[in-house]
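Notes to accompany the following structure.
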2 protein chains.
Amino acid sequence: MRYSNLKITLSEVGMPRSIKLSDVAQHAGVSVPTVSRVLRGVPNVAAELRERVQHSVKELGYQPNRLAKSLREHRTGIIGYLSAGNIATFHHILGQGIQNAALDHGYAVITGHGSTLEREMTYAKIFESYQVDGLIITPSSNSDPYIEELAQHIPTIEVDRTFGAYSRHTVLLDNYTALGDAVDHLTELGHHSIGLIYGNAPVSTEVERKQGFLERMAHHGLDVHPDWLISDEYSEEGGVRATHHLLDSGLHVSAVIVTTNEMLAGVVQALRSRNLSIPHDLSLIGMDDTRWARMMEPPLTVIAQPAYEMGYEACRLMIRSLEKAEFDDATPVVHRLPARLMVRSSTGPPKEVDLMVQ
Amino acid sequence: MRYSNLKITLSEVGMPRSIKLSDVAQHAGVSVPTVSRVLRGVPNVAAELRERVQHSVKELGYQPNRLAKSLREHRTGIIGYLSAGNIATFHHILGQGIQNAALDHGYAVITGHGSTLEREMTYAKIFESYQVDGLIITPSSNSDPYIEELAQHIPTIEVDRTFGAYSRHTVLLDNYTALGDAVDHLTELGHHSIGLIYGNAPVSTEVERKQGFLERMAHHGLDVHPDWLISDEYSEEGGVRATHHLLDSGLHVSAVIVTTNEMLAGVVQALRSRNLSIPHDLSLIGMDDTRWARMMEPPLTVIAQPAYEMGYEACRLMIRSLEKAEFDDATPVVHRLPARLMVRSSTGPPKEVDLMVQ
DNA sequence: TTGTAAGCGTTATCAG
DNA sequence: CTGATAACGCTTACAA
């Protein structure tokens, strides 16, 4: 049975449409505000009335109308999540974390995946019109005037990527340490010439990962030739191109770190097409502990991001800042979650070392 | 700057909080209803007033408050999507389709991933309280009294999986043909003994896939030994167990079809652990054209589901039924989208045929 | 402690 | 064609 049919049927039979506060009030023989008080747990209500109301609520199966409540209270309990990320696994799991955190605290989430700036704006407008209480965003670039303006009116927090001003609560991966750990792992295996393949989008993750890589290399006293740093499109094809680019440069690297999962897939394919064996010819460290990285032959050493936790934490922070004014007034929190290097079989000692040992 | 601060600041300075209809009306020197009419494109408004209003709207940067609008109109433009699916790629992409269809038609989506029945109910309640216009669900089992009841009040459509009553619009994969095509492919290669590994959850997809398999086998006059049909948990571990189960039965199969992507990963691992080579020792057809299935060695032959299209179509159907009463009144539509068999390298002729040919 | 009345920002009804 | 006026379902003074 469809809704429209149902509606007609109900009114024809004279059945009440949807139970509202006044229906409960009538049933319980009290006034509307009293019912409201009971439902909201306001203290000063006589025990007897309270019980009568609760009974009526159950009996009638009353469900509050959040629309009316929101209109009156100027808060909706809806959080807008604007993800500029691609539809990769990482962003989906992060979104999952946000949703569950919201659910656990009585909020709902409207999600928008904005691949283009236009779509991003559309979603931003929608969020605004739905009067969302707060906004969680994963910026697509290092600046976005429209979002920036929206954030003036609506409490906003950044997750995964940042505009870089840190003027808002922010939840990020500790990209510096993550890349540092990867470099450490390779140097311990004896690698000196390490390449980095990263995305060319102007987003904070890429900037930080590159910097984390460079700093740790310097820390070990290792030179990084400019041609070892290859950036390309955020995609499988980008990974393929970057790999050929790196290997055709004539400069020798014994290991490569790839900062995005998408590109990693391209790198693997390019290496295969050149019949290079991993890790014998080249050690490889990728990003994100996805199923395919585990299922690969050989299983890939990767930097695992706590995607779910990042989302959960971001949303928890959002809600806390919405509900606690004093917290809200405090200096913005920048929370960096640690990555974990999952050492598997795509990393091993470099060829040179093999020879020296023999 | 935070919202709470801003609010205080604004009221202190005496600035108007948020532009509303009455502000525009005052600015344009007309009444509130007139502004409303202009904004909604109601015909009977003098051209001059219309222009004045439009100018004021721009000038003041008016943004409608959907809360008030929704309360008054008894429709919110929000669709609830309750996915009982796991957090696999397939369901995320399907969700993406739903979201984009909604966006394209001016709707927003509140998503809930309900792994447990309890979570499912929580989300259902939330959807109800937010007065969603419609519900799109992927049932977790073959019955759910709570959803069933909710669907009495709220237009509901089923996607990916169905309760089986077909009393509502439904968008599904053509599971019968999908499995049939897989069987055809294998029989053409010369296989006669084909195993099926499927999930033991009581969901329609598994039932239909099994049936599609059996029917096409029968069509080819091929017997299916009961021990060739192995069901287990919807997970990697389930796939591992099912594979050992099948291979330890003592009965010979030259090919296996696996109906879920999660289990497929387990199957591949189990085959590796037994040092069975694909497709030489065993041909393998899996489900879902995921990255890992493509990246595998050998690349896997899979049944590709049009996940995005299924979501998009479901949401489009939902919106059409919300907006077109006559469509809504019609018999429920059951839309089955075709799968595509992606033939890659995990399927080949059976060993016996090899010998006969030689 | 309880009930009456006003109001949140819209849209719909109905005179003018 | 336009403008008062009521209403959507709920919360929050304020009064009793």
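Quick note: numbers below take in every heavy atom, side chains included, and nothing from hydrogens, waters or symmetry partners. Chain letters run A, B, ... following the sequence lines, proteins first and then strands; every chain starts at 1. Every value quoted in this text rests on a predicted model; they were computed, and no experiment measured them.
Side-chain nitrogen and oxygen atoms of Ser36(A) include at least one within less than 4.0 Å of the OP1 or OP2 phosphate oxygen of dT11(D). One finds no side-chain N or O of Tyr62(A) lying less than 4.0 angstrom from the OP1 or OP2 phosphate oxygen of dG9(D). For Asn44(A), a side-chain nitrogen or oxygen approaches OP1 or OP2 of dT1(C) to under 4.0 Å.
Within 4.0 Å (heavy atoms only), Leu49(B) reaches sugar-phosphate atoms of the nucleic acid but no base atom. Val45(A) comes within contact range of the sugar-phosphate backbone alone, with a heavy-atom separation under 4.0 Å but no base atom that close. Backbone-only contact: Arg40(B) has heavy atoms under 4.0 Å from sugar-phosphate atoms and none from a base.
Set against dG9(C), dG3(D), dT11(D), the side chain of Ser31(B) has dG3(D) as its closest nucleotide. Looking at the side chain of Lys20(B), the nearest of the listed nucleotides dT4(C), dG9(C), dT2(D) is dG9(C). Checked against dT2(C), dG9(D), dG3(C), the side chain of Val30(A) finds its nearest nucleotide in dG3(C). Relative to the side chain of Ala46(A), the nucleotides dC8(C), dT11(C), dT1(C) differ in distance, and dT1(C) lies closest. In the set dC10(D), dG9(C), dA5(C), the nucleotide with an atom closest to the side chain of Asn65(B) is dG9(C). Between dC10(D), dC8(C), dA12(C), one nucleotide has an atom nearer to the side chain of His74(A) than all others, and that is dC8(C).
For Arg66(A) and dC8(D), the CZ to C1' distance is 18 Å, given to the nearest whole Å. One atom, OH of Tyr130(B), and another, P of dG9(D), lie 18 Å apart when rounded to the nearest Å. Counting to the nearest Å, the P atom of dG3(C) and the CD atom of Gln26(A) are 14 Å from each other. Rounded to an integer number of Å, the gap from CD of Glu128(B) to C1' of dG9(D) is 15 Å. Arg50(A) places its CZ atom 11 Å from the C1' atom of dT1(C), with the value rounded to the nearest Å. Between Lys69(B) atom NZ and dA7(D) atom C1' there is a gap of 16 Å when expressed in whole angstrom units. Between the C1' atom of dG9(C) and the CG atom of Leu67(A) lies a distance of 12 Å, rounded to the nearest Å. Going from atom CG of Leu39(A) over to atom C1' of dG9(D) covers 13 Å, rounded to whole Å.
Screening Asp133(A), Asp104(A), Ile79(A) for a side chain to side chain contact (heavy atoms under 4.5 Å, CB included) with Ile319(A), the sole residue that qualifies is Ile79(A). Only one option out of Ile126(B), Ile147(B), Ile110(B), Leu150(B) pairs with Leu82(B) in a side chain to side chain contact (heavy atoms under 4.5 Å, CB included); it is Ile147(B).
Residue-to-nucleotide contacts include a donor-acceptor pair under 3.5 Å from the side chain of Arg37(A) to the base of dG3(C). Side-chain atoms of Arg72(B) come within donor-acceptor range of the base of dT11(C), with a qualifying N/O pair under 3.5 Å.
Two rings, from His91(A) and His92(B), have their centers 6.0 Å or more apart.
No side-chain donor-acceptor contact under 3.5 Å links Asn44(A) and Arg37(A). His113(A) and Gln99(B) share no donor-acceptor pair across their side chains, judged by distance under 3.5 Å alone. Judged purely by distance below 3.5 Å, without hydrogens or angles, the side chains of Ser140(A) and Glu120(A) pair a donor atom with an acceptor atom.
Checking Gly29(B) against Leu71(B), the closest nucleotide of DNA chain D that is more toward the 5' end is the one next to Gly29(B).
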